[in-house]
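Comments concern the structure below.
Lettering follows sequence order; numbering is per chain, from 1. Reckoned from all heavy atoms, side chains included, excluding hydrogens, waters and symmetry mates.
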2 protein chains.
Amino acid sequence: MARKAGSHAEITGPAIQDAALKLFARSGYAAVSMREIAAEVGVRAGALYLYTPDKQTLLFDMMRDHLLALDAAWDKARGGTTPPERLRVFVDFHVEYHFDLRDKVFISYMELRNLTDENFRVIQKLRRDYESELEQILADGLVTGDFHFEDVSVTTRAMLAMLLGYITWFRGGGRLGKEDIKRMHWDLARAMVRA
Amino acid sequence: MARKAGSHAEITGPAIQDAALKLFARSGYAAVSMREIAAEVGVRAGALYLYTPDKQTLLFDMMRDHLLALDAAWDKARGGTTPPERLRVFVDFHVEYHFDLRDKVFISYMELRNLTDENFRVIQKLRRDYESELEQILADGLVTGDFHFEDVSVTTRAMLAMLLGYITWFRGGGRLGKEDIKRMHWDLARAMVRA
DNA sequence: GTCTATAGATGGATAGAC
DNA sequence: GTCTATCCATCTATAGAC
């Protein structure tokens, strides 16, 4: 399995995704150049095109892979029988899963405008799949009488906005850890629907 | 007060701000060129520089003016004596004031990364002033026993995230109007702090 | 697989005519 | 006040050497 000197496909491929993730999160897709990404990886800009057809695909793949992994992880984590139990599982999963992936989540919400129309539709569908899971839990709880609120759609969006909010401000190392964030957000989510 | 033909300072100045607002909201600051802004206004790119020293100032002024107006409007609207009343006034004001300014609010949160360090500090201070108003209401309600939650800082941020969320998804013309949004968000905010 | 070199387009900003 | 013209930097993406 001899390799030519200077060949590092197994390293460079993931390194490009990591570098793009880091730089897109920090400066935004449109403000980051392929040269910057290459410099972060330690190669020249031309070498990037061995791994991606263009910059747009770099963004799209990042968002798609993130959302597919999210949906798959949720499928494994889902649980609970009554709506309050299921909400508890969802909130815990949501905070836990996103905690170490804040950059990816951040990009997946901030860079929607920079997707082509076709790519946008794909990403929106994946995101909608995930959000529907919460919507279903809230809708069920309304029917069973476990929850009390006026509108399923508005409450779902409001709760998702709240649950995603910590991603934009939380930075580790302070007085709060992951368990604090989980506990408080469950507490707030439960109160929101008067469970 | 004769004006040369082709002189329209009173028109062009605000028109540039309007065009920049519209385009920044749609495509993002970094993805919009000065030529695009000029085309939207109906002038050539060079003419923009009679009204702004550079593109960065266009963004900064937009955000600063928005936040200054927000703080001024809140100073006039504030009211209520007990924490629950004051929270009600805040939520009503917040939804009402932002309702027709969704583009400005959107930009003021999305484009923070594209400010220079110095401009960022100014904008963050203005935003912090506004957010402190809600934080104070929640802190007071905790002391009086009107509200029940664990942490002032986390709850403030969570509530602001929820209250800002509708800006990203609400588009007029559907089944919901401003009064619906106000009523439901007050209901959710009240429930969140167990008022 | 990576490099150098570069094509070709577009960006922000300025100079000078009108 | 606006336009035309342009400077110069930078960008994405490709071609061809190694």
Atom [atom1] of [X] to atom [atom2] of [N]: distance rounded to whole Å?
{"X": "A:Lys55", "N": "D:dC11", "atom1": "NZ", "atom2": "P", "value": "9 Å"}
{"X": "B:Asp54", "N": "C:dT14", "atom1": "CG", "atom2": "C1'", "value": "13 Å"}
{"X": "B:Leu23", "N": "C:dG12", "atom1": "CG", "atom2": "C1'", "value": "16 Å"}
{"X": "B:Gln56", "N": "C:dG11", "atom1": "CD", "atom2": "C1'", "value": "16 Å"}
{"X": "A:Leu48", "N": "D:dT12", "atom1": "CG", "atom2": "P", "value": "10 Å"}

Cation-pi check, A:Arg102 onto A:Phe99 ring (under 6.0 Å, within 45° of axis):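 Yes, cation above the ring, under 6.0 Å and within 45°.
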Which atom pairs link the protein and nucleotides 3-5 of chain D when you take only N or O atoms and keep those under 3.5 Å?
{"residue": "D:dC3", "atom": "OP2", "partner": "B:Arg44", "partner atom": "N", "Å": "2.5"}
{"residue": "D:dT4", "atom": "OP2", "partner": "B:Arg44", "partner atom": "NE", "Å": "2.8"}

Test side-chain hydrogen bond (donor to acceptor under 3.5 Å, both in side chains) applied to A:Thr82 - qualifying residues, sequence neighbours left out: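 If we apply the side-chain hydrogen bond (donor to acceptor under 3.5 Å, both in side chains) test to A:Thr82, skipping adjacent residues, there are no hits.
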I'd like to know if [X] and [Y] make a salt bridge, using a cut-off of under 4.0 Å between side-chain N and carboxylate O.
{"X": "A:Glu111", "Y": "B:Arg113", "answer": "yes"}
{"X": "A:Lys125", "Y": "A:Asp129", "answer": "yes"}
{"X": "B:Arg183", "Y": "B:Asp187", "answer": "no"}
{"X": "B:Arg128", "Y": "B:Glu135", "answer": "yes"}

Listed partners of A:Ala191 passing side chain to side chain contact (heavy atoms under 4.5 Å, CB included), at least two apart: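 If we apply the side chain to side chain contact (heavy atoms under 4.5 Å, CB included) test to A:Ala191, skipping adjacent residues, the hits are B:Arg194.
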Interface residues of residues 111-122 of chain A with DNA chain C (non-hydrogen, below 4.0 angstrom):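 The stretch gives none, as no residue of it lies under 4.0 Å from the strand.
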Residues touching DNA chain C, which here means a heavy atom under 4.0 Å, drawn from residues 31-41 of chain B: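 Within this stretch, B:Val32, B:Ser33, B:Met34, B:Arg35 sit under 4.0 Å of the strand.
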N or O in side chain of B:Thr12 less than 4.0 angstrom from D:dT2 OP1/OP2: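 The answer is yes; a side-chain N or O of B:Thr12 sits under 4.0 Å from OP1 or OP2.
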Check: A:Trp74 ring centroid to A:Phe90 ring centroid under 6.0 Å: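 Yes, the ring of A:Trp74 comes within the 6.0 Å limit of the ring of A:Phe90, centre to centre.
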Derivation and outcome, side-chain hydrogen bond (donor to acceptor under 3.5 Å, both in side chains), residues B:Asp61 and B:Gln17: CA-CA 9 Å; B:Asp61 285 352; B:Gln17 282 294 328; 4.9 Å; no
Derivation of the side-chain hydrogen bond (donor to acceptor under 3.5 Å, both in side chains) call for A:Arg121 and A:Gln124: CA-CA 5 Å; A:Arg121 279 191 289 274; A:Gln124 278 295 78; over 6 Å; no
Minimum-distance nucleotide (side-chain atoms of A:Tyr49 versus D:dT14, C:dG1, D:dT2):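 Taking heavy atoms from C-beta onward, the closest nucleotide is D:dT14.
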Pair listing, ring pair (Phe, Tyr, Trp, His ring centres under 6.0 Å) test, anchored in residues 31-66 of chain A, at least two apart: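 For residues 31-66 of chain A, and leaving out neighbouring residues, there are no ring pair (Phe, Tyr, Trp, His ring centres under 6.0 Å) pairs at all.
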